[in-house]
Amino acid sequence: MSKEDSGKGKIALVTGGGTGVGKAITTALLGAGYTVVISGRRKDVLEDAARALGTETGGTVKAISADVSDPKSVAALFEAIKSGFGRLDLLINNAGVNVPNIPMEELTFDHWNSIVGANLTGVFLCTQQAMKLMKAQTPRGGRIINNGSISAQTPRPNSAPYTATKHAVTGLTKSTALDGRPFDIACGQIDIGNATTEMTSKMATGVLQANGETASEPTIPAHYIGDAVVHMASLPLEANVLTMTIMATKMPLVGRG
């Protein structure tokens, strides 16, 4: 089976699927034949993205607004998927937010809670609901892919809450991979470095480096991320990419920049 039809007849959910990397992943999954549900908090942005993606790819996209940090909202999202499609084959935990680039001591408790809610609690809540559905459906099983980010490996300056949540996602990925084994549920993580989105637009003008200097950094097109996710998802459930790092080759991650 080619990657172009590896998702034929399968249902995927992409959280944060209406913008940025999530939109690129959704586009790639549609190209591989998946029916894709995209979720996000902004209903208008989500519905506009669904219409545009459906027209562009000829695929089936359904927009369901949800707040991944809210247990009731997540439960309603998965109930809508169950009632509308009967199953879920692939969950992409992509939704996430960041905080202002300010010193740690200036961050508020609300900053911290918003990051933990979106980046960690949201991944847990969606994974929990996906596990329930994937265990019960026929045929059983499915795949979960978490967006870990390069920050799951190495922090940037003034990024403590974001980095803490992304390191925690790595632990959640491994726990999910372990707990999903008996039920044919595979879980992996993709750590993304400098994909071109609105969030990374400042890379070209310069971002703070570990040595205190400000420097521009290379980026890569976001569709590379979508292609990588399709590869991970195209594997049979007996095989799993536990972790993948995809990054701009010359970005300052390895070595000393």
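Only heavy atoms go into these numbers, but all of them, side chains included; no hydrogens, no water, no symmetry mates.
Shown here for Gly16 and Asn94, the closest heavy-atom pair between the two residues is O-ND2, 3.2 Å. The minimum heavy-atom distance linking Thr165 with Val116 is given by the pair CG2-CA, 3.8 Å. Summarising the geometry of Asn147 relative to Val169, their closest heavy-atom pair is O-CG1, 4.4 Å, with the distance given to 0.1 Å. Taking every heavy atom of both residues into account, Gly193 and Ile150 meet most closely at CA-CG1, 3.2 Å. Nearest approach of Asn194 to Ala248, heavy atoms of both residues: CB-CB, 4.3 Å. In terms of heavy-atom proximity, Asn158 sits nearest to Ile102 at CB-O, 3.3 Å.
Pro157 pairs by the side-chain contact (heavy atoms from CB on, under 4.5 Å) definition with Leu208, not counting sequence neighbours. For Lys174, the side-chain contact (heavy atoms from CB on, under 4.5 Å) partners are Thr170, not counting sequence neighbours. Taking the side-chain contact (heavy atoms from CB on, under 4.5 Å) definition, one finds that Ser151 meets it with Ser149, Tyr162, Thr163, Lys166, sequence neighbours left out.
Between Gln209 and Pro252 there is a side-chain heavy-atom pair separated by less than 4.5 Å. When side chains are defined from C-beta on, Leu90 does not count as touching Lys10, because their heavy atoms never get closer than 4.5 Å. No side-chain heavy atom of Ile25 sits under 4.5 Å from any side-chain heavy atom of Ile145.
How far CG of Leu13 is from CD1 of Ile144: 10.5 Å, rounded to the nearest 0.5 Å. In this structure, CZ in Phe78 is found 12.5 Å from OG in Ser83, a value given to the nearest 0.5 Å. The OG atom of Ser69 sits 11.0 Å away from atom CD1 of Ile115, with the distance rounded to the nearest 0.5 Å. In this structure, the separation between CZ on Arg87 and CE on Met134 is 8.5 Å, given to the nearest 0.5 Å. Leu133 CG to Leu88 CG: the interatomic distance, rounded to the nearest 0.5 Å, is 6.0 Å. To the nearest 0.5 Å, atom CD of residue Gln189 and atom CE of residue Met232 are 8.5 Å apart.
Pairs of residues two or more places apart, or lying in two chains, that qualify as side chain to side chain donor-acceptor pair (under 3.5 Å) and include a residue from residues 127-138 are Asn93-Thr127.
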Practice problem: Run the numbers on Thr249 and Ile220 for side chain to side chain contact (heavy atoms under 4.5 Å, CB included), then give the verdict. | Solution: CA-CA 9 Å; Thr249 303; Ile220 53 174; over 6 Å; no
Report task. Decide yes or no on side chain to side chain contact (heavy atoms under 4.5 Å, CB included) for Trp112 and Leu107, but give the supporting numbers first. Result -> CA-CA 7 Å; Trp112 173 265; Leu107 290 169; over 6 Å; no
* Asked: Is there a side chain to side chain contact (heavy atoms under 4.5 Å, CB included) between Glu217 and Val207 once you walk through the steps?
  -> CA-CA 8 Å; Glu217 295 186 12; Val207 289; 3.3 Å; yes
Using distance only, find each side-chain donor-acceptor pair of residues 236-247 under 3.5 Å and give its atom names and separation, not counting sequence neighbours.
{"residue": "Asn240", "atom": "OD1", "partner": "Arg143", "partner atom": "NH1", "Å": "3.3"}
{"residue": "Asn240", "atom": "ND2", "partner": "Cys187", "partner atom": "O", "Å": "2.8"}
{"residue": "Thr245", "atom": "OG1", "partner": "Gln153", "partner atom": "NE2", "Å": "2.8"}

Donor-acceptor pairs under 3.5 angstrom involving side-chain atoms of residues 29-53: please list them, not counting sequence neighbours.
{"residue": "Asp48", "atom": "OD1", "partner": "Arg51", "partner atom": "NH2", "Å": "2.4"}

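Residue Phe85 qualifies as enclosed at atom CZ: its count of foreign heavy atoms under 6.0 Å is above 12. More than 12 heavy atoms of other residues, nucleotides or ligands shown are found within 6.0 angstrom of CD on Glu106.
Between the side chain of Asp89 and the main chain of Ile11, a donor-acceptor pair closer than 3.5 Å is present.
Cluster membership check: Leu172 does not share its hydrophobic cluster with Ile190, using side-chain heavy-atom separations under 4.5 Å among Ile, Leu, Val, Met, Phe, Trp and Tyr.
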